[in-house]
Participant: 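Take a look at the following structure, please.
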Number of protein chains: 2
Amino acid sequence: MSIQKIARLAGVSVATVSRVLNNIDTVKPKNRERVLQAISESNYQPNLLARQLRTARSSMILVMVSNISNPFCADVVKGIEEEAEKNGYRILLCNSGTDIQRSISSLKLLSGKIVDGIITMDAFSKLPELTTMIDRMPWVQCAEYADDGGVSCVGIDDIDAAGFVIQHLITRGRGRIALINHDLSYKYARLRERGYKMALERQGLTYRAVEYASDLTFCAGKTAMENLLRGERRPDAVFAVSDTLAAGAMRAIEEAGLSIPDDMAIVGFDGTELSEMVSPQLSTIAQPSADIGRKAVGLLLNKINNPDSPAERVVLDWHFISRASV
Amino acid sequence: MSIQKIARLAGVSVATVSRVLNNIDTVKPKNRERVLQAISESNYQPNLLARQLRTARSSMILVMVSNISNPFCADVVKGIEEEAEKNGYRILLCNSGTDIQRSISSLKLLSGKIVDGIITMDAFSKLPELTTMIDRMPWVQCAEYADDGGVSCVGIDDIDAAGFVIQHLITRGRGRIALINHDLSYKYARLRERGYKMALERQGLTYRAVEYASDLTFCAGKTAMENLLRGERRPDAVFAVSDTLAAGAMRAIEEAGLSIPDDMAIVGFDGTELSEMVSPQLSTIAQPSADIGRKAVGLLLNKINNPDSPAERVVLDWHFISRASV
DNA sequence: CTGAAAGCGCTTACAG
DNA sequence: CTGAAAGCGCTTACAG
């Protein structure tokens with residue numbers, strides 16, 4: 001079923017059909033009527049491929065997340081959706097699972113013109129091949145840093161936020177503070193670790209213990225905490241770089257027969273609803289998730305509409321939420 | 001940058017370029033070499049729109065979920081991704097947010113030929129307009145029932161599972177069992193409620209208390225439980241139709257100063273990791289989430305490859321996980 | 001083994 | 001206000 005058949009059915013040209021399809025109001029009412037009639041009779045649906053090929057725009061943007069199970073990602077995506085919709089764009093989600101093949105295949109949706117732009121939340125700074133693949137096309141990194149000067153990014157000051165957490169724990173009398181970090185291929189992970197170390201140094205504390213979680217899951221957090229508890233000098237506080245990791249750590253602490261916060265204080269990161277779901281409730285760094293998403297869309301649309309505009313780096317504010325886990 | 005430019009650069013025809021792009025091995029090595037050379041020099045990327053328009057296939061399927069924050073959805077999606085990938089398909093995710101406009105716009109990706117098929121997890125049985133919109137195109141309902149005979153679906157026996165939970169609570173000495181259900185536009189919600197009522201009836205219990213959550217969130221679960229606790233005859237057990245709702249209910253119970261399971265037993269549904277993250281850990285009905293997803297892909301691909309094959313209804317097994325919350 | 005040509009289903013100047 | 005025609009970037013019989 002194509003526009004041609006509709007034209008034949010309605011006894012007009014394809015141009016006229018196209019015009020009523022696109023709400024161009026120069027069409028004579030009678031002709032419009034006949035076209036509409038033909039469309040509904042034949043249950044015609046326009047072929048978007050042909051349309052997008054012709055107009056060279058799709059009004060769709062692709063959002064690539066490494067793991068849809070991460071509630072922080074979901075929060076950012078909500079902001080993205082809201083702002084995109086406000087501007088007449090639809091979003092498509094791709095779950096990369098940090099798999100390089102899948103990421104490449106997703107980026108082909110951009111280079112292949114299926115979408116007009118892409119927002120990523122993954123660690124791409126380490127993958128120059130991907131960077132060249134989508135060259136100078138509209139791309140913004142979200143909640144993660146872009147090393148490549150050509151791509152815009154939006155996030156928070158991770159060093160600062162991590163430093164604040166450590167300082168806060170020290171003020172509350174903790175002296176052996178461990179870190180449960182994410183894979184260091186993420187720049188934000190490197191920055192938070194730097195914030196952790198700088199704050200300890202500043203206070204003259206020498207205890208250091210860092211565990212790396214392979215992904216941001218409950219399981220990985222639990223395993224990381226179990227490793228920390230096996231160490232010779234057990235920490236009296238843990239800072240986890242995501243609420244999900246923190247939740248996993250809490251389970252490990254509980255299973256070890258320790259109590260929170262008496263034996264072990266714990267602080268998470270992201271400020272997701274999950275931090276309220278666990279017991280005791282979790283102190284955490286709240287990121288402006290929806291704002292990060294909204295801002296990312298703003299940067300992306302700007303790039304789509306002005307391809308030559310320079311890349312921007314936006315830093316938003318975070319805040320600390322104090323709860324019973326410290 | 002198009003196939004034409006590459007052809008000119010390499011001194012061959014577009015047909016030859018297309019052949020090397022598609023790994024057709026009749027191309028003479030020397031020509032292949034020159035084409036490959038031209039491609040890498042110009043950083044050419046094929047236009048997928050043109051390709052898909054021409055071949056009438058995309059090897060992509062769309063997955064529509066009502067809420068990506070729901071961990072059960074995420075689990076199902078994992079199964080879908082796995083099976084799709086195994087068959088050379090990519091998946092695109094759309095977060096409908098139960099918004100009708102967004103759902104329509106997503107379905108246009110199917111009718112507009114951007115994707116080859118669609119898997120939905122939303123309540124579409126009540127929306128005949130959508131059903132006619134995508135007519136007889138490849139579509140399967142996942143973890144929800146399709147009333148329309150033309151669409152395949154895969155799920156579990158919800159009446160049975162709900163009945164089992166109620167029976168179990170009764171056996172454990174509970175007599176006033178409440179239900180926190182989802183919006184009744186979902187058929188699974190109607191079935192689980194029927195299972196709840198049938199089981200109570202069978203045992204001659206007269207207490208009934210049902211609250212409806214507008215969505216499957218922690219917040220909605222908490223509010224629902226608060227309403228139940230305000231009732232004149234307080235329940236001594238609650239069955240929530242999702243782990244997320246149950247987690248919210250647990251928070252309300254805790255805030256009311258009641259203890260689980262002594263004052264109030266609680267059972268969730270889905271068997272997501274969340275049920276292990278709360279304290280005490282949650283008894284729940286485990287759905288074969290990944291299998292549901294995998295099976296949905298199987299049904300969909302069958303429909304894509306054999307458009308005239310009849311719709312199928314697949315029912316998979318569930319099992320009960322007993323934990324400290326009962 | 002290769003190329004010329006048709007065609008997928010649209011949109012959009014252009015001419016009338 | 002409308003239509004004929006060109007063209008978006010591919011793939012694929014077909015002829016050679």
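Chain letters run A, B, ... following the sequence lines, proteins first, then strands; residues in each count from 1. Since the structure is predicted, the reported quantities are computational estimates derived from the model, not experimental observations.
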Participant: State whether A:Glu33 and A:Lys30 are salt-bridged, where the test is any N-O pair (Lys NZ or Arg NE/NH1/NH2 against Asp/Glu carboxylate O) under 4.0 Å.
Facilitator: no
Participant: Would the base of C:dG3 count as contacting B:Arg19 through its side chain, where contact means a donor and an acceptor less than 3.5 Å apart?
Facilitator: yes
Participant: Whole angstrom is fine here: how far is it from CD in B:Gln45 over to P in D:dC8?
Facilitator: 19 Å
Participant: Consider the side chain of A:Arg54, meaning its heavy atoms from C-beta on, and name the nucleotide among D:dC8, C:dG7, C:dG3 that approaches it most closely.
Facilitator: D:dC8
Participant: With sugar-phosphate meaning primed atoms plus P, OP1 and OP2, does B:Thr55 contact a base, only sugar-phosphate, or nothing at under 4.0 Å between heavy atoms?
Facilitator: sugar-phosphate
Participant: Under 30°, 30 to 60°, or over 60°: which ring-plane class applies to A:Tyr188 and A:Tyr186, parallel, tilted or perpendicular?
Facilitator: tilted
Participant: Between P on C:dG9 and CZ on A:Arg51, what's the gap in Å once rounded to a whole number?
Facilitator: 14 Å
Participant: Mind calculating the distance between CD (B:Glu33) and C1' (C:dC1) to the nearest angstrom?
Facilitator: 17 Å
Participant: Assess the side chains of A:Ser58 and A:Arg90: does a donor N or O sit below 3.5 Å from an acceptor N or O?
Facilitator: no
Participant: For C:dG3 and B:Thr16 - does any side-chain N or O of the residue sit under 4.0 Å from the phosphate oxygens OP1/OP2?
Facilitator: yes
Participant: Which part of the nucleic acid, if any, lies within reach of B:Ser18 when heavy atoms closer than 4.0 Å are counted: base, sugar-phosphate only, or nothing?
Facilitator: base
Participant: For B:Ile24 and for B:Ala50, find the nucleotide of DNA chain D with the closest heavy atom, then tell me which residue's nucleotide is more 5'.
Facilitator: B:Ala50
Participant: In the strands shown, is D:dC14 matched to any nucleotide by a Watson-Crick or G-U wobble pair with both distances under 3.5 Å, and which?
Facilitator: C:dG3
Participant: Nearest whole angstrom, please: distance from the C1' of D:dC8 to the CG of A:Leu53.
Facilitator: 4 Å
Participant: Nearest whole angstrom, please: distance from the P of D:dG9 to the NZ of B:Lys113.
Facilitator: 23 Å
Participant: Look at the side-chain N and O atoms of B:Thr26 and state whether any lies under 4.0 Å from the OP1 or OP2 oxygen of C:dC1.
Facilitator: no
Participant: Rounded to whole angstrom units, what separation is found between the CD atom of B:Gln52 and the C1' atom of D:dG9?
Facilitator: 12 Å
Participant: Write down the distance between CG (B:Leu48) and C1' (D:dC8), rounded to a whole number of angstrom.
Facilitator: 15 Å
Participant: Measuring from B:Ser152:OG to B:Lys303:NZ, what's the distance to the nearest 0.5 Å?
Facilitator: 6.5 Å
Participant: Is the shortest side-chain N/O distance from A:Asn47 to OP1 or OP2 of C:dC8 below 4.0 Å?
Facilitator: no
Participant: How would you label the contact of B:Ser2 with the nucleic acid (heavy atoms, under 4.0 Å): base, sugar-phosphate, or nothing?
Facilitator: sugar-phosphate
Participant: Assign each of A:Leu49 and A:Ala15 to its nearest nucleotide of DNA chain C by heavy atoms, then name whichever residue's nucleotide is nearer the 5' end.
Facilitator: A:Leu49
Participant: Roughly, in whole Å, what's the span from CD in A:Gln4 to P in C:dC10?
Facilitator: 9 Å
Participant: In a check of side-chain contact (heavy atoms from CB on, under 4.5 Å) between B:Arg32 and each of B:Ile24, B:Val12, B:Val20, which one passes?
Facilitator: B:Val20
